[in-house]
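Both counts, for ligands and for their atoms, begin at 1 and track the order of listing. All values derive from a computational prediction rather than experimental measurement. Every heavy atom of this structure was used, including side-chain atoms; hydrogens, water molecules and symmetry mates were not.
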Amino acid sequence: MRKITKIAVLTSGGDAPGMNPCIRAVVRTAIYNKLEVVGIRQGYQGLIDNNMYEMNTRSVSNILNLGGTILKTARCLPFRTDEGMETAYNNIKAQGIDGIVVIGGDGTFTGALRFSQRFPDIAVMGVPGTIDNDLYGSTYTLGFDTATNTVIEAIDKIRDTADAHDRLFFIEVMGRDSGAIALRAGISCGAEAILLPERATAIDDLIESLKAGQFNKKSSSIVIVAEGDKSGGVYDLAERVRGQVKFYDIKVTILGHLQRGGSPSAFDRILGSRLGFAAVNALIAGKSQMMVGLEANHIKLTTLEEALTQHQFKLEDDLMQMSEILSI
Ligand code: F6P
């Protein structure tokens with residue numbers, strides 16, 4: 001069995017609330033088990049630039065409540081090249097690191113898998129950190145709960161003003177390929193319609209349901225549109241509806257990056273702690289090329305290969321249907 005004496009931790013791709021509690025858990029679990037720990041700054045870019053520092057128990061004091069990531073993050077194109085990976089490998093070897101915990105989403109895991117297939121002597125363990133909740137092998141990813149609550153808070157406020165003015169709001173939420181936030185926020189805020197990348201929505205059907213809402217004496221309507229919806233963009237969509245829905249004044253709000261920030265929820269703090277703890281223990285147990293996830297409230301290991309090939313938020317048709325019925 002491979003022996004691990006020194007590990008590194010990095011965050012990569014889009015930041016997600018819960019990454020800091022996870023970093024804290026990785027560092028302290030490693031030190032508890034008498035391993036050395038190195039923090040890599042700016043994701044894979046830090047591996048290439050040799051931007052690393054020794055961490056101790058105090059390096060992660062008072063970060064449980066912080067959004068973002070103390071290690072910073074980046075989407076690193078050079079790591080996709082053979083040359084970039086080789087430079088990273090040489091830097092890792094020079095530091096005597098024999099295992100890495102990578103916290104991020106599908107892009108992060110793709111890099112981790114390719115790297116560890118090329119350099120199998122470095123063990124890699126993935127932790128699912130993305131607000132998109134679209135990784136196979138974990139019911140929830142870090143940041144999804146906090147981001148959804150942030151969206152709900154914002155939409156509740158929009159509902160107040162929409163109701164006061166009898167308006168229809170189109171609200172774009174994050175999710176380039178994933179409707180996870182849109183669906184959960186839609187149910188939580190009583191959205192009249194939810195548009196997602198995973199399912200095409202006929203504009204005529206949307207207009208009919210908005211007309212039905214007006215007939216049923218609704219004073220306001222909220223349509224949540226996930227960023228990756230294929231209807232042609234939220235402004236374009238609003239224009240097309242404006243031509244046919246005369247009874248509402250129509251407004252558009254794009255929530256944007258505020259969805260990624262903020263103090264992690266209790267759920268994300270606990271999830272980050274559990275996954276970070278489990279990731280280090282899995283490395284110590286000799287595992288590599290895997291992701292730690294949470295399924296049915298139990299830690300589960302999935303191969304990175306499986307997590308990636310099956311990646312994507314699976315649309316829960318039953319929840320969509322329920323949401324439509326409850327918003328009549
Ligand atoms: O992957 C998380 C995510 O927030 C997506 O939902 C969104 O499309 C993307 O990141 C935005 O990335 P960036 O911050 O690089 O614009």
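Each of the following atoms of ligand 1 lies closer than 4.0 Å to a heavy atom of R75: 9 (C), 10 (O), 11 (C), 12 (O), 13 (P), 14 (O), 15 (O). In summary, the atoms of ligand 1 found under 4.0 Å from a heavy atom of I131, numbered by their order in the structure, are 4 (O). Applying the 4.0 Å criterion to heavy atoms of E227 picks out, from ligand 1, the atoms 6 (O), 7 (C), 8 (O).
In this comparison of N133, T108, D132, the heavy atom closest to atom 5 (C) of ligand 1 sits on D132. Summarising the contacts of atom 14 (O) of ligand 1 with M174, Q259, R260, the nearest heavy atom is found in R260.
Using a non-hydrogen distance threshold of 4.0 Å, G175 registers as a contact of ligand 1.
With no hydrogens or angles considered, a side-chain donor-acceptor pair links D163 and S219 at under 3.5 Å. One side chain, D268 or T146, offers a donor N or O that lies under 3.5 Å from an acceptor on the other.
For the pair N20 (side chain) and G67 (backbone), a donor-acceptor distance under 3.5 Å is present. Looking at S288, its side chain does come within 3.5 Å of a backbone N or O of V124 through a donor-acceptor pair. No donor-acceptor distance shorter than 3.5 angstrom exists from the side chain of D121 to the backbone of D98, with no hydrogens or angles considered. The backbone N or O of G243 lies less than 3.5 Å from a partner atom in the side chain of K246, making a donor-acceptor pair.
The protein heavy-atom contact nearest to atom 16 (O) of ligand 1 is H257 NE2, 3.4 Å.
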